[in-house]
Each structure stands twice: as C-alpha cells, then as structure tokens.
Amino acid sequence: MNVRRRSSVAALAATAVIGVASAPAVAADPSPSATTSAPSTAASGLYGSGDPQFDGVWRQSLALLAQDSAGVVPSSKAVKWLTDQQCDDGSFAPFRADPAKACDTKTMVDTNNTAAAVQALWAVGGHGDVVDDALGWLKSVQNEDGGWGYSPGTPSDANSTSVVIGALTATETDPEGVEKNGKSPYDALLALALPCAEDKGAGAFAFQPDKDGKLLANADATAAGLLGALGKGLVTEAGEKTDAASCADTDEPTREQAAANAAAYLTDALAKDGHLKSALGGSPDQPDYGNTADAVAALAAQGGADRAAGPLAWLKKNAGQWAEESGPAAYAQLIFAAHATGTDPRDFGGTDLVEQLNATGPAPQGAKASDTATGKAEGEDEKKDDSPFGVWWYVGVCLVFGIGIGFLISNRGKGQQP
C-alpha cells in the first residue's frame, strides 16, 4: 500500500513518494509546519516526528494496527490521539491541528483515513462508540455503485473501496449487506477487475476509470483489490496453500476468481526483480517498497505464505533503510507483510521492526522486555524522523488531481480495552 497523490504536487511527490510509505490525504485543516508541529505532536502521542498534515491519522492507525498484530498493547496516549481526531459526524480527516475545534465544511474528511481508524480502534478495543459513528459515516457516503471514492462524492476506486471493505469485515459487518441502490462494495470492486488478456490488463485491478472511461492495470490497486475481494483488511493471515494462481475469464467472475486473477498478475509483475517498480514524472524505474510489502500480504492471503516467498526475501534484504527513512507507516507495512507470511517481525532481515516502530512514539503499555530495553517511559518522545509522504500519500492528492494508490485487519473483539 503505497499511497500517492499527484498534481502540481506531482513534481514534489515524484521525488518524495517513491518507496515512501505512509498515508492517504487530500488536504487537511491548516496545520503547523514541520518545524513547528514536531514538538506538539511529540507530546501528544502521535507516532513519527514529521509534519502530520497529510498523514497523521493514517500513520497512527497503521502503527496501532501493527503493534496489535505483534502482540503489543499500544500506549493509551497514542490511542487517545487517534480518537481525538474524529469529527462529530464520525468521519476522520488526515489531520486536525486543533481537535477541540469542531469540524466544518472546510475539513477535508475522507473514507481512507476513516476506514483505517476503524480498523485500528476495533483492534485495540474499548472504543465501540467511535467505531460505530465512523461506520455510520462511511455507510452514509457510499456511492450508488456500492463503492467509495477517497472523498465523499468522488467516483469509486479500488483502493478506497477495499480499505472500507476491510473496516466492515474487521468489525464483523458483512459487506454484502451494505448496499446502495442495490449494489454492494463487492459489485463496485469487481467492476474494476480487468480481463486476462495481456493487452487488456492480465487480471489486474484498475484504480478507477481514466478520463476516457478506460480501465488501466495498476499494481497498487491490484494488491488492494485482491484483499478487498477476499474481504480482508490491512492485517491479514496467510490463506490456504493453493497451486500457482492462474488467470481465468468467466461470464460472471466470483470474488475468489478475481482475487486469483489479481494474484496471477502480481506474481508475474514480481517475477523478474522480486519487487514492484515505481516511476513518476519521467524518472527511471525505482523499487516500490511499500507496494511490494502490500503485494506480499495480498499474495499470502490468497494462496499461502509460499506464494510470497520471493518478494518477502527481497524486502528482508532491502527494505530496512527505506523503513528507517520513511517512518511509522513503513514499519507497519513491513510488519503486516511479516504477519501475513508467519514471519517474525522482530527478526526481519536482522531488523526488529516492532522495536523500531515502538521507538517512533510513546512506549507501549504492554511492551515486552525487548521493547523497553532503553528504559523509555510512557510519553517520552524518542522518535525517528519520518516523511509526510507515502503509502497512502498518493491516495489523497491522487484524487484531487487524479491518479491512484494504497490500502488491511485483525478480527479482534470490539468491546474491551486490553
């Protein structure tokens, strides 16, 4: 899940987004600059020290999810930071500089941050009202085709629809029963699945139709769409081991076949180098670490951990520096990939991803000895610098100007705070 955005921001994103993980965002309420925001966010419980304007809720949600998947009880301060970001109508924006100030029509709320927050808060437990309000808002902005766009009222896209499906299934809500105009989220998602012919998309998912109504294969949307088609969230387990995925066209494709087709596409895309590539603005191809991590989780969910062995090995060897430079959401994406493949996130190519993630924010409540070796106390601010661009960073700007993006959850009980 590598979010992106583009536009005039595209030039900036072209150099900053490639390989960076973090968040979807369009625009948020005015927020402090990177220099002025770091001290206040450090004290607040937010993970990462970079300007949270575009990715605060996203990276916080991913960080809490990753900790939960690794058996870590997150800091109560970190959880409160996230719940405080919610608007009265249940929605979330990428970041609100002053949570005490009521949201208004200028607050750029969106489906991606809201769905990610739902997954995180359900996982940690004890926030049923917040989750219910967020789900209510998501249902209220569902499109006529059954799907969701990044912002309310925008056309449905594979990534946004999939992350909302993840929020629904994580909270034990059947997406089939969440309909608009007789259409479910799965109907909208399958409408973005491409046929198997090489010149038609080779089984991939498109992000959304282009300006001419044409569907174009998109690797990031394919990883997101695969998980969405399976009804999976940001955190997923390995699926049953199956034979190599093959693409097959049918008159009425099932969700399972669409997922198999997507897996075949990703397998082929990863075959040569072991990683997906990203190129923006005429720049040369570069490894796309975040989307590769998303593909690992998707492939494992569809056909078992062995299906993702090649790209997983590549990530173990090459993704450490990327995560260190990119911050909390990048560590979270790698932890999700490790979780989906049954890999120890505390020994990921020699890196303890959990310890590194924990070090970007307040110490967890239930950290194990390895997590508290530095003696860091609750609320202390030992943070790595992180980029405001990333995972879903493409998603927001992407939708303001038009390109596409990034997207997963443990089925933990909703009620009790651990």
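We're numbering straight along the sequence, starting at 1.
The side-chain hydrogen bond (donor to acceptor under 3.5 Å, both in side chains) check on D133 picks up nothing, with sequence neighbours excluded. For the side-chain contact (heavy atoms from CB on, under 4.5 Å) test, no residue two or more places apart in sequence or in another chain qualifies with K317. Residues meeting the side-chain hydrogen bond (donor to acceptor under 3.5 Å, both in side chains) test with S140, sequence neighbours left out: none. Checked against side-chain hydrogen bond (donor to acceptor under 3.5 Å, both in side chains), Q67 has the following partners two or more places apart in sequence or in another chain: Y47, N358. With sequence neighbours excluded, the residues forming a side-chain contact (heavy atoms from CB on, under 4.5 Å) with A338 are T343, P345, F348, listed by chain and number. Applying the side-chain hydrogen bond (donor to acceptor under 3.5 Å, both in side chains) test to K80 and every residue at least two apart in sequence or in another chain returns D84. In this structure A117 satisfies the side-chain contact (heavy atoms from CB on, under 4.5 Å) test together with V57, S61, L82, F92, sequence neighbours excluded. The ring-ring contact (aromatic ring centres under 6.0 Å, His included) search around W137 returns none, not counting sequence neighbours. Applying the side-chain contact (heavy atoms from CB on, under 4.5 Å) criterion to D347, with sequence neighbours excluded, gives D344.
Of the possible polar contacts, one joining the D210 side chain to the G213 backbone as a donor-acceptor pair under 3.5 Å is found. Side-chain atoms of T222 never come within 3.5 Å of backbone atoms of A204 as a donor-acceptor pair (strictly under, hydrogens ignored). Between the side chain of D288 and the backbone N or O of L276 there is no donor-acceptor pair closer than 3.5 Å. Side chain of S326 to main chain of A323: no donor-acceptor pair is present (N/O by atom type, distance under 3.5 Å, no hydrogens or angles). A distance-only check finds no donor-acceptor pair linking the side chain of E355 to the backbone of R346 [under 3.5 Å]. At least one donor-acceptor pair under 3.5 Å links the side chain of D174 to the backbone N or O of E176. Formation of a donor-acceptor pair under 3.5 Å by the S162 side chain with backbone atoms of A158 is found in this model. Counting only distance, with no hydrogens or angles, the side chain of Q333 and the backbone of G290 share a donor-acceptor pair below 3.5 Å. The closest donor-acceptor contact from the side chain of R96 to the backbone of Q85 lies under 3.5 Å. In this structure, the side chain of W314 does not engage the main chain of H275 through any donor-acceptor pair within 3.5 Å.
Using a 4.5 Å heavy-atom threshold, the side chains of P185 and V164 count as separate. Between L299 and L270, the closest side-chain pair of non-hydrogen atoms falls below 4.5 Å. Annotation: side chain of T292 is not in contact with side chain of P287 (no heavy-atom distance under 4.5 Å). T360 has its side chain out of reach of Q356: every pair of non-hydrogen atoms, C-beta onward, lies at least 4.5 Å apart. L357 places a side-chain heavy atom less than 4.5 Å from the side chain of P328. With contacts defined as side-chain heavy-atom distances shorter than 4.5 Å, the pair Y265/L226 does not qualify. Within the 4.5 Å cutoff, the side chain of E324 has heavy atoms near those of the Y331 side chain.
The minimum heavy-atom distance linking A259 with A229 is given by the pair CB-CB, 4.3 Å. Closest heavy-atom contact between G147 and A188: N-CB, 3.3 Å. Smallest separation of non-hydrogen atoms from G90 and T114: O-CG2, 4.0 Å. Heavy atoms only, all atoms of each residue included: A297 and L227 are closest at O-CD2, 4.3 Å. Of all heavy-atom pairs spanning L190 and A258, the tightest one is CD2-CB, 3.4 Å. Nearest heavy atoms, A93 versus T107: CB-CG2, 4.0 Å.
For the residue pair Q257 and N261, a side-chain donor N or O sits within less than 3.5 Å of a side-chain acceptor on the partner.
Among residues at least two apart or in separate chains, salt bridge (Lys or Arg N to Asp or Glu O under 4.0 Å) pairs with a member in residues 298-307 are K241-D306. Pairs passing the salt bridge (Lys or Arg N to Asp or Glu O under 4.0 Å) check and including a residue from residues 144-154, sequence neighbours excluded, read E144-K180.
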* **I165 and Y186: CA distance, side-chain angles, deciding distance, side-chain contact (heavy atoms from CB on, under 4.5 Å) verdict** => CA-CA 8 Å; I165 287 174; Y186 293 132; 3.8 Å; yes
* **Trace of the side-chain contact (heavy atoms from CB on, under 4.5 Å) decision for F336 with L65** => CA-CA 9 Å; F336 296 158; L65 269 174; 3.8 Å; yes
* To do: With side-chain contact (heavy atoms from CB on, under 4.5 Å) as the test, would you mind laying out the steps for S69 and I335 before giving the verdict?
  => CA-CA 8 Å; S69 74; I335 290 172; 3.6 Å; yes
* **Chi angles and distances behind the side chain to side chain donor-acceptor pair (under 3.5 Å) call for D110, S151** => CA-CA 5 Å; D110 67 82; S151 300; over 6 Å; no
* Could you check H127 against V79 for side-chain contact (heavy atoms from CB on, under 4.5 Å), going step by step and ending with a plain yes or no? => CA-CA 10 Å; H127 299 281; V79 176; 3.3 Å; yes
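Atoms OG and CD, on S44 and Q60 in that order, are 7.5 Å from each other to the nearest 0.5 Å. Remark: L192 CG to T161 OG1 distance equals 7.0 Å, nearest 0.5 Å. Taking CG of N113 as the reference point, atom CE of M108 lies at 11.5 Å (rounded to 0.5 Å). Atoms CG and CG, on L121 and L64 in that order, are 7.0 Å from each other to the nearest 0.5 Å. Considering CD of Q208 and CG of D157, their distance stands at 5.5 Å, rounded to 0.5 Å. For the atom pair T111 OG1 and Y150 OH, the distance stands at 7.5 Å (nearest 0.5 Å).
Sparse packing is recorded around CD of Q321, with 12 or fewer heavy atoms of other residues, nucleotides or ligands lying under 6.0 Å away.
Using a 30° and 60° split on the angle between ring planes, W81 and F95 fall in the parallel class, below 30°.
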